[in-house]
Amino acid sequence: MAHQVENMAYVGTTPWHGLGSKLSRNQPLEVWQHEAGMNWHIEESPVRFLSDSAAHLGSIHTFPEQKVLYRSDTKAPLSVVSQRYKVVQPFDVLEFYRDLTEYAGFELETAGVLKGGRKFWALARTGQASALKGNDLVNGYLLLATSCDGTLSTVATPTTVRVVCNNTLAIAVNGASESIKVPHNTEFNAKAVKRQLGISVAQWDDFMYRMKHLSQRKVNTGEALGYFLRVICDTEQDVEDRRELTQHRALQKVQDLYAGKGRGSQLVSAQDTAWGLLNAVTEYVDHEKRARSIDHRLDSAWFGQGATLKQKALDHALELIA
């Protein structure tokens, strides 16, 4: 299961992990469905179990409060969930973008399946873009993802991608993520989600206004060290031997990325700035942090510990311009 992220498709440049099927632009959703490995649906079955299995003939029983979810193509089981669980199908995630791509200028860039089908997502470019000082280009995206094993609600998240390094960062305004979450005990209503998102330029402009301030905020060596200690090591205090710190290897890695080894770290916008600090952490999470597999890293960076760390990095960076 190490490379389930191979079930994905993309347009444009090859993704950082180099996997997936490349598509030409403006393909129908049905082509995306096939090439992204999302051309199957989730089936349901009652839970049955065998008692007295030690005997020659056991007894078959049911567990009516639960149901099994499985893939229609391979029959592989995905999870056991309660009868109240509302399934969102893989194609529902793609269908969410139909009107946005046909009438609102959105363009799908990647879509795919994680963990054997337990999670799936699609990411579309919104057409919004801003250039920071030194032509450091940041594009706007909308990510829609869900799971069928209870580990993730259906989530729509406005996201940025820094072009020079493909670092992703969820858009947050006033310290709060702009994500819309629909739990699986509720029917997913695409129109309602779009209304809640208020897909408009307002949140983008506000977020990028703050990012521009980060790129203009110069930081000295002491401020940079203090930032990384708080974000990576959860401490305010430096020590003589940093090997005593938890996450000391991660600390060294983000310092190296910030100091010139990171993608785009030597651009005017990032060099010795708060924007550079933030991108050292996002690059670490998206590209460098140890993970069991590519799909585990992607899962973490978007939905797990990596996403939490990036939000923490953003919060501390914004404190520098408060």
Side-chain angles (χ1 to χ4, degrees), residues 3-43 69-76 78 86-129 139-148 152 154-161 163 166 168 180 182 187-201 204 294-295 298-299 302-303:
H3 294 294
Q4 289 299 334
V5 77
E6 289 181 44
N7 290 326
M8 67 168 287
Y10 65 92
V11 297
T13 57
T14 304
W16 53 269
H17 45 66
L19 301 174
S21 302
K22 184 172 183 176
L23 298 178
S24 56
R25 294 192 178 280
N26 302 315
Q27 291 295 316
L29 294 183
E30 289 72 17
V31 173
W32 276 95
Q33 180 187 23
H34 182 268
E35 295 300 322
M38 300 168 80
N39 54 339
W40 51 276
H41 54 273
I42 298 170
E43 299 276 13
L69 303 182
Y70 65 96
R71 292 180 61 136
S72 62
D73 54 350
T74 64
K75 314 303 179 187
L78 298 167
K86 308 295 185 186
V87 170
V88 177
Q89 298 289 348
F91 191 68
D92 293 339
V93 169
L94 293 172
E95 185 65 29
F96 178 82
Y97 293 97
R98 186 178 294 278
D99 57 345
L100 296 175
T101 54
E102 292 180 352
Y103 306 114
F106 283 49
E107 183 178 7
L108 278 172
E109 286 211 354
T110 65
V113 174
L114 295 172
K115 298 182 180 299
R118 293 176 177 83
K119 289 183 181 175
F120 31 93
W121 90 98
L123 181 72
R125 185 173 171 180
T126 65
Q128 296 163 313
N139 289 327
Y141 287 79
L142 179 61
L143 170 68
L144 183 70
T146 191
S147 75
C148 60
L152 180 72
T154 302
V155 182
T157 304
T159 299
T160 64
V161 176
V163 172
N166 278 330
T168 59
I180 303 298
V182 181
E187 290 285 354
F188 174 67
N189 183 321
K191 290 183 179 178
V193 169
K194 290 170 190 173
R195 283 197 299 271
Q196 291 179 68
L197 277 170
I199 300 171
S200 66
V201 298
W204 170 264
I294 291 170
D295 58 335
L298 185 58
D299 185 37
W302 280 352
F303 315 116

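Atoms considered below: every heavy atom in the structure, side chains included; atoms not considered: hydrogens, waters and symmetry mates.
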- Side-chain heavy-atom pair L108, L29 within 4.5 angstrom cut-off: yes
- Message: So, taking the atom named CG in N26 and the one named CD in E102, what distance separates them when rounded to the nearest 0.5 Å?
- Response: 11.0 Å
- Query: Do you know which two heavy atoms are closest between E43 and S72, and how far apart they sit?
  - Reply: CG-CB, 3.8 Å
- Message: Under the rule for side chain to side chain contact (heavy atoms under 4.5 Å, CB included), what residues qualify as partners of Q27, not counting sequence neighbours?
- Response: L23, S24, V31, W32
- So salt bridge (charged side-chain N to carboxylate O under 4.0 Å, His left out) across residues 139-148, not counting sequence neighbours, yields none
- Query: What residues, two or more places apart in sequence or in another chain, satisfy salt bridge (charged side-chain N to carboxylate O under 4.0 Å, His left out) together with E107?
  - Reply: R25
- Query: Looking only at heavy atoms, which two atoms of F106 and A124 are closest? And how far apart?
  - Reply: CD2-CB, 4.2 Å
- side chain to side chain contact (heavy atoms under 4.5 Å, CB included) partners of K191, counting only residues at least two apart: N189, R195
- Note on the structure: Minimal heavy-atom distance between C148 and G117, with the atoms involved, is SG-O, 3.6 Å
- State, to 0.1 Å, how close A111 and A36 come at their nearest heavy-atom pair, and which atoms those are. O-CB, 3.5 Å
- Message: Is it the case that over 12 heavy atoms from other parts of the model lie below 6.0 angstrom from the NE2 atom of H41?
- Response: yes
- Query: Are the side chains of L144 and F188 in touch, meaning some heavy atoms are under 4.5 Å apart?
  - Reply: yes
- Message: The criterion is side chain to side chain contact (heavy atoms under 4.5 Å, CB included); which residues satisfy it with V163, sequence neighbours excluded?
- Response: L137, N139
- Residues W40 and I42: closest non-hydrogen pair is CZ3-CG1, 3.7 Å
- Query: Looking at residues at least two apart in the chain, or sitting in another chain, which of them share a side-chain hydrogen bond (donor to acceptor under 3.5 Å, both in side chains) with E109?
  - Reply: Y141
- Distance in Å, T146 OG1 paired with K86 NZ, rounded so as to fall on 0.5 Å steps: 14.0 Å
- T168: partners by side-chain hydrogen bond (donor to acceptor under 3.5 Å, both in side chains), with sequence neighbours left out: D286, K310
- Message: Within this structure, what is the OG-CZ distance for the pair S147 and R118, rounded to the nearest 0.5 Å?
- Response: 10.5 Å
- Could you go step by step and tell me if T159 and W302 meet the side chain to side chain contact (heavy atoms under 4.5 Å, CB included) rule? CA-CA 10 Å; T159 299; W302 280 352; 5.5 Å; no
- Query: What residues form a side-chain hydrogen bond (donor to acceptor under 3.5 Å, both in side chains) with T160, not counting sequence neighbours?
  - Reply: none
- Message: Could you tell me if the side chain of L197 sits less than 4.5 Å from the side chain of L142, heavy atoms only?
- Response: yes
- Task: Give, for atom OG1 of T110 and atom CG of L143, the distance between the pair rounded to the nearest 0.5 Å.
- Result: 8.0 Å
- If you measure from CG on L94 to CE on M38, what distance do you get to the nearest 0.5 Å? 4.0 Å
- Just jot down the side chain to side chain contact (heavy atoms under 4.5 Å, CB included) partners of D99, sequence neighbours excluded, or say none. Y103, K194
- Query: If you measure from CZ on F120 to CG on N7, what distance do you get to the nearest 0.5 Å?
  - Reply: 12.5 Å
- Backbone N or O of K22 within a donor-acceptor pair of the E35 side chain at under 3.5 Å? no
